[in-house]
Enquirer: 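Attaching a single structure in structure tokens format; questions to follow.
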Amino acid sequence: MASIKESLSGKLRQYGIIGALVVVVVIFEIMTNGRLLLPDNVASLIGQNAYVLILSIGMVMVIIAGHIDLSVGSQVAFIGGVLGWAMYHWRWPWPAAVALALAIGLAVGAWHGFWVAYVRIPAFIVTLAGMLVFRGLAIVIAGFTMAGFPGGFVKISSGSLPHFLGYAGDFDGVTMMIGVVGVAGMVFAQMRSRATQVKHGIAPEPMAVAVIRLAVISGLALFLTSLLARSSGGTPILLVIVGGLILIYSFVLNRTVFGRHVYAIGGNLNAAILSGINTARTNFVIFLHMGILCAIAAVAVVSRAGAATAVAGANYELDAIAACFIGGTAVTGGIGRVSGAMVGALIMGVLNMGLSICGVPSAWQQVVKGLVLLAAVAFDLVSKRRSKVA
Amino acid sequence: MQDTPILSMESISMEFPGVKALSNVTFKVRQGAIHAICGENGAGKSTLMKVLSGVHPHGSYSGDITFQSSPCHFRSLRDSERRGIVIIHQELALIPFLSIAENIFLGNEQARAGVIDWSKVQQRAGGLMRRVGLNEHPMTRIVDIGVGKQQLVEIAKALAKRVELLILDEPTAALNDEDSAHLLGLVQQLRDQGVTCVIISHKLSEIIGIADSITVLRDGEVVETLHAADGPITEERLIKDMVGRELSSRFPDHVSNAGEEAFRLADWTVYHPIDTERKVVDGANLVVRGGEVVGLAGLMGSGRTEMAMSVFGRSYGTKISGQLYLGGKPAETKRVSDAVAQGIAYVSEDRKRYGLNLIQSVRENMTVAALRNLAKGGVIEAAAEAAAAERLRRELTVKTPSVEAPVLKLSGGNQQKVSLAKWVYTDPDVLILDEPTRGIDVGAKFEIYTIINRLAQQGKAVIVISSELPELIGICDRIYTISEGRITGDVARADATQEHLMKLMTIETKDQV
Ligand SMILES: Nc1ncnc2c1ncn2[C@@H]1O[C@H](COP(=O)(O)OP(=O)(O)OP(=O)(O)O)[C@@H](O)[C@H]1O
Ligand SMILES: [Mg+2]
């Protein structure tokens, strides 16, 4: 019995961040008289915040390894500028332009990775320089705003999956199917990992805890699905992209040798080196990933805005860093999860949207976001301190 | 034993999630005594002292503490220090880039209106340093002095406060014999000046040498408390108390199994990485055959660790010259990954800094050096990894609630086993163990010797670096001595005595040139 309580309180802290998201949502749902969770608002919440979600995936990896990336906002502007240039001046077909953007993202990542990994300049300095360099280049390229892109390109952010399963009432069939299959898959995966643990004689968490946890998460996921299914579009294409990235990178961090090396480097660099881990290559690859994710974010941002401008991506690095820390990533490295950062990003997103709907001026929005960041990290530290004693 | 105890801990119990660290422990210390605590790794020694000093605050444990006849409800280290209880932790807590003097007065700064009074600092630090026999300039940085002297700084730091009860958690674990002797002498001196001392150690002979009373813990319970005044205490008695059974011999039987040459260094020379004109290893020649256990005996700073690390992917030193042969063939190990790939493993002497990732789980630490064996196409096979970690935990008898627990929560000795497990798992041909039994209890030492034997029986070459000469003599086929970076002797087991080895270890090679 004691162990159920202990394990539950441990998990509560781990999932406390989801609780915080729920609280924020409920507060704004009340303050906006139920407008926050209108189906179309939920869909646009995802569209609006796709960039934070995408950038936080890379940022969490960077921070776990003990680095930081201050340049992601500038990268988004620069890569977005190149993307716009290719479609606007060169009249490239949009898939080719997107491919170019990804290649540029890789190149920028390699640039940062080279200085961090092989010259061993702290990432703070390298990316501070990158922030200036790429913002400057963005102004050179996209000083004049470029707009008027092909319909296919704009669809990336505004389009939805086709409704080939028809509707049940006003629920979109495809969206419901994705939601249900996703939840079933998650439950199945959890049960399987539990079975593996038992097989190897590792005591799993108490069944009751697992059931409660799964029930809460599944409930939230299905609730979100049902909202989206009633939105005018159904499942946004961006959501599919973001969801895919989350799955891929969770897998990379949790299950691959590369991911384990990221944690090892952040947790104890000396021990990692003496374990034969090629730390330079790992660091280099981390920044390659960050570059690619910046390129994907640039595609999402340019597509949504319908224009490439030099001022795009202002303060995006701060949003992404804040999302990671709200999501429980350790400032000192070695600890963090993609899922945590995603919840952190959603909290920031809901704040943005809710405050906008309430008509709060953007100056005050910043104040609120800053305080929430501080409160989230303080809560995390205090509860950690308490659990150390108990 | 008529006088009332200065400290009395009654029925202390403390639980961590999944572990009962202390159950119903009653511990009394007499005024002006040296009271030792011993017990196996994870027996609860450090935890008991953390309860006493307020690291685990009042309320997190049950039971009563009385110090100098008044009850204690410490909520932090500061509270206990105010009452004159000072603890020196198992892991030293000095700031490396600050000076000795600054470290001595850390948290206790000699200041007037917030401004440091440097002349007073130096003067008082000088006095304290003389008292502990530390012969250095007070402004020397901590990084520039050896572990032995750092330990003395810790004591000076304690003396800078008003100390009535000094707690030392494994103070000599990282020290060589000479430094240990000095430190123990100092502890006795402090006792004679009226400071009561509690000392935790796995070195039973030194405990018996200085302690007035010894309390043995096992699995969080007190087995018994022995007093020197009641008649001499024997190591056998302590060992039996600690492990719960007689340990007939301190070392497992070892049959020599030397085969083909596995590892050879020829004219190996290494220079200091910063002071690049200084030779740290000077033309070393040594051979280890498969199945052979070879010791490397040298004083701290003699170049033994540096030699091992320079071989291990050039992790130490510059201008490395000479040739390494593996299995009789010339080999290059430019990087650690090359060394690992060619079957060399090096278990560091400093597990916290170089061995373990404390915030990761036991499982992740055990498998990190051989992850590729557990992965297909870069993807780790979770089930295989869990099984491997579980098997290693059992084989090396690591005491942990589960392999998923973070290494941080293990006791010191069990952490050491995890860092050994990590390298055993790489299945190396040449295993270099640097102080493999530092901070490990007698029972676990025996287990580690058994593992070393088993690896040798499998035909692996094992090199053991150790400051404990009896240990080397007990487990090695041959022992090289090293002094000032030079190999000064190659002694067969049959000829090895402590005196002989010590003489070879202290030859001043530079003079002979
Ligand atoms: N902070 C903690 N959280 C959880 N468990 C802990 C914590 N600290 C200690 N333990 C557990 O309590 C038990 C006693 O640990 P303790 O550090 O007191 O052992 P010890 O006797 O000092 O051993 P060693 O000789 O190895 O230093 C161990 O099983 C350890 O895993
Ligand atoms: Mg201990």
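Chain A is the first sequence line, chain B the second, and so forth, proteins listed ahead of strands; every chain is numbered from 1.
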Enquirer: Is B:Phe312 in contact with chain A via its backbone, its side chain, both, or neither, using a 4.5 Å heavy-atom distance?
Expert: side chain
Enquirer: Would a 4.5 Å heavy-atom cut-off, applied to side chains only, mark B:Gln360 and A:Tyr263 as touching?
Expert: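 Side-chain contact under 4.5 Å: yes.
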Enquirer: Quick one: what part of B:Lys352 sits under 4.5 Å from any heavy atom of chain A, side chain, backbone, both or neither?
Expert: backbone
Enquirer: Look at the side chain of A:Asn268 and the backbone N and O of B:Leu356, then say whether any donor-acceptor pair between them is shorter than 3.5 Å.
Expert: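 It does hold such a pair.
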Enquirer: So which of B:Val340, B:Leu371, B:Thr426, B:Val368 has the biggest tally of heavy-atom pairs under 4.5 Å with chain A?
Expert: B:Leu371
Enquirer: Taking every heavy-atom pair that is under 4.5 Å apart, which of A:Asn278, A:Leu274, A:Asn270 has the most such pairs with chain B?
Expert: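 Answer, by heavy-atom pair count under 4.5 Å with chain B: A:Leu274.
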Enquirer: Among A:Ile277, A:Val257, A:Val252, which residue has the highest count of heavy-atom pairs closer than 4.5 Å to chain B?
Expert: A:Val257
Enquirer: A quick test of your reading: do over 12 heavy atoms of other residues, nucleotides or ligands sit less than 6.0 Å from CZ of A:Arg281?
Expert: no
Enquirer: Please flag which part of B:Thr367 lies under 4.5 Å from any non-hydrogen atom of chain A: side chain, backbone, both or neither.
Expert: side chain
Enquirer: How about A:Phe124: does its CZ atom have over 12 heavy atoms from other parts shown lying under 6.0 Å from it?
Expert: no
Enquirer: Nearest heavy-atom pair of B:Ser337 and A:Gly276: which atoms, and what distance?
Expert: CB-O, 3.4 Å
Enquirer: Quick check on the interface: out of B:Ile380, B:Asn357, B:Val336, who has the most heavy-atom pairs with chain A under 4.5 Å?
Expert: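 The candidate making the most pairs under 4.5 Å is B:Ile380.
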